[in-house]
Amino acid sequence: MRKNIVAGNWKMNNDLAQTEALLLGLKKHAIPENVSVMVAPAFTNLYQAFETVRETPIEVIAQNMHQAKNGAFTGEVSAPMLKSVGVNTVIIGHSERRAYFHETNALLAEKVTAAIENDMQVIFCFGEELSDRKQGEHFEVVKAQLQQGLFHIDENQFKNIVLAYEPVWAIGTGETASPEQAQEIHNYVRKLVATTYSDAVSENVSILYGGSVKPANAKEIFANADVDGGLIGGAALKAEDFMAIVNAF
Ligand code: PEP
């Protein structure tokens, strides 16, 4: 059974004290039983965050990781390091990683493999740019990202995957895909997973939408049959807004 998930991607925001304050704000709210709630603070704050929400259903996840276990990779953090501070889920392929850090589909495929080998859950992000959509190429772009970055794993490993469709033109721009646009791609992706793997895999995988989700639009986005939640950027930085989104199912 696929899960409803709301995950907050805090990006490079919040120092240790701010992380603590935001988590304490979230802890004041009851978490509905039908939603898995995740937050992704910066690497430096993961351990403290894990300790702060230890007794709650909130899961602390990472925004990125390196594909190697260890070694001479200055400035990087590996899957075993994340696991050692209680992190079992990692976001891979966020469009900011693709754009600003030149992460290719081939590199992302290596990261996915490394995460799975370390028994981690992966939130795999993909999505087209505005120019792709204007040229009517959004389906092909999304398909290529999934085929080249993710579909090398086998059917059994797919239970560790959460998909996150994030049209680049909607991230941090205030512009949201319409509920119809989101459903159209989510349904396309679910069918692609079915033809690549099986109906069972496609029925069980959660597909999140990301791109300027706010309390005001979350309900109509989450109401779509193939939308199982959201990856939230800006609105995840305010406890009230984030919890309003969590409660939008
Ligand atoms: C994101 O960065 O994953 C995101 C969806 O950001 P925002 O909600 O701010 O558009």
Side-chain angles (χ1 to χ4, degrees), residues 4-14 18-19 22 26 35-43 45-46 58-65 87 89-103 108 111-112 115 121-130 132-133 138 141-142 145-146 149-150 161-179 181-183 185-186 189 206-222 224 226-249:
N4 296 326
I5 299 171
V6 175
N9 173 16
W10 293 5
K11 312 191 185 192
M12 198 172 72
N13 294 298
N14 291 336
Q18 291 163 330
T19 295
L22 181 47
L26 296 179
V35 189
S36 294
V37 176
M38 305 175 180
V39 292
F43 283 140
N45 304 324
L46 287 174
I58 299 172
E59 182 182 352
V60 175
I61 70 172
Q63 299 175 18
N64 178 36
M65 58 168 248
V87 171
T89 299
V90 59
I91 299 170
I92 289 180
H94 192 278
S95 64
E96 288 153 17
R97 299 294 317 171
R98 293 175 186 262
Y100 305 143
F101 303 96
H102 314 295
E103 296 197 355
L108 299 175
K111 291 192 177 202
V112 168
Q121 175 170 248
V122 172
I123 299 182
F124 186 83
C125 302
F126 57 94
E128 81 283 359
E129 306 211 6
L130 187 57
D132 301 321
R133 184 163 278 270
H138 41 297
V141 167
V142 158
Q145 288 173 335
L146 291 167
L150 185 67
I161 302 298
V162 172
L163 298 173
Y165 168 57
E166 299 208 301
V168 178
W169 49 271
I171 296 181
T173 58
E175 186 145 347
T176 318
S178 68
Q181 286 172 320
Q183 169 59 20
I185 292 273
H186 282 229
V189 167
S206 296
I207 310 180
L208 315 185
Y209 168 79
S212 299
V213 177
K214 303 175 204 71
N217 60 20
K219 217 178 187 65
E220 58 174 358
I221 294 171
F222 295 171
N224 288 288
D226 289 301
V227 178
D228 307 305
L231 183 54
I232 318 298
L237 298 174
K238 286 198 184 125
E240 303 298 324
D241 286 356
F242 187 64
M243 291 311 301
I245 294 169
V246 166
N247 281 290
F249 283 98

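These numbers come from the heavy atoms of this one structure, side chains and all, not from hydrogens, waters or symmetry mates. Atoms within each ligand, like the ligands themselves, are counted from 1 in listed order. The chain is numbered in sequence order, starting from 1.
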Problem - Spacing of CD1 belonging to I232 relative to CG belonging to L237, to within rounding of 0.5 Å - result: 11.0 Å

Problem - Nearest-0.5 Å distance, OG of residue S206 to CD1 of residue I5 - result: 4.0 Å

Within the 4.0 Å heavy-atom shell around [X], which atoms of ligand 1 are there?
X: G211; value: 5 (C), 10 (O)
X: G172; value: 7 (P), 9 (O), 10 (O)
X: S212; value: 7 (P), 8 (O), 10 (O)

For ligand 1, find out whether one of its N or O atoms is nearer than 3.5 Å to an N or O atom of [X].
X: G234; value: yes
X: T173; value: no
X: L231; value: no
X: G233; value: yes

Distance from [atom] to nearest protein heavy atom, with residue and atom:
atom: atom 2 (O) of ligand 1; value: K11 NZ, 2.5 Å
atom: atom 1 (C) of ligand 1; value: H94 NE2, 3.2 Å
atom: atom 5 (C) of ligand 1; value: E166 OE2, 3.1 Å

Exercise for the section: Test P41 against every option in N14, I61, T19 by the side chain to side chain contact (heavy atoms under 4.5 Å, CB included) rule and name the one that passes. Expected result: T19

Problem - Between E59 and T89: side-chain donor-acceptor atoms closer than 3.5 Å - result: yes

Practice task
Return yes if a side-chain donor-acceptor contact under 3.5 Å exists between E128 and W169, otherwise no.
Solution key: yes

Handout entry: Minimum heavy-atom distance P215-A244, with the two atoms named
Key = CB-CB, 3.8 Å

Practice task
Might you point out which heavy atoms bring V39 and I58 nearest each other, and give the distance in Å?
Solution key: CG2-CG2, 4.0 Å

Practice task
Would you mind telling me if ligand 1 is within reach of the side chain of A170, the backbone, both or neither, using heavy atoms under 4.0 Å?
Solution key: backbone

Handout entry: N9 contact mode with ligand 1 (heavy-atom cut-off under 4.0 Å)
Key = side chain

Handout entry: Residue-ligand contact K214/ligand 1, heavy atom below 4.0 Å
Key = no

Problem - ligand 1 contact by A235, heavy-atom criterion under 4.0 angstrom - result: no

Exercise for the section: Kindly assign one of parallel, tilted or perpendicular to the pair Y165 and H186, based on the angle between their ring planes and the thresholds 30° and 60°. Expected result: perpendicular

Under 3.5 Å, sequence neighbours excluded: what are the donor-acceptor pairs made by side chains of residues 90-99?
| residue | atom | partner | partner atom | Å |
| --- | --- | --- | --- | --- |
| H94 | ND1 | E96 | N | 2.9 |
| H94 | NE2 | N9 | ND2 | 3.4 |
| H94 | NE2 | E166 | OE1 | 3.3 |
| E96 | OE2 | K11 | NZ | 2.7 |
| R97 | NE | E103 | OE2 | 3.0 |
| R97 | NH2 | E103 | OE2 | 3.0 |
| R98 | NE | G93 | O | 2.9 |
| R98 | NH1 | N105 | OD1 | 2.8 |
| R98 | NH2 | C125 | O | 2.9 |

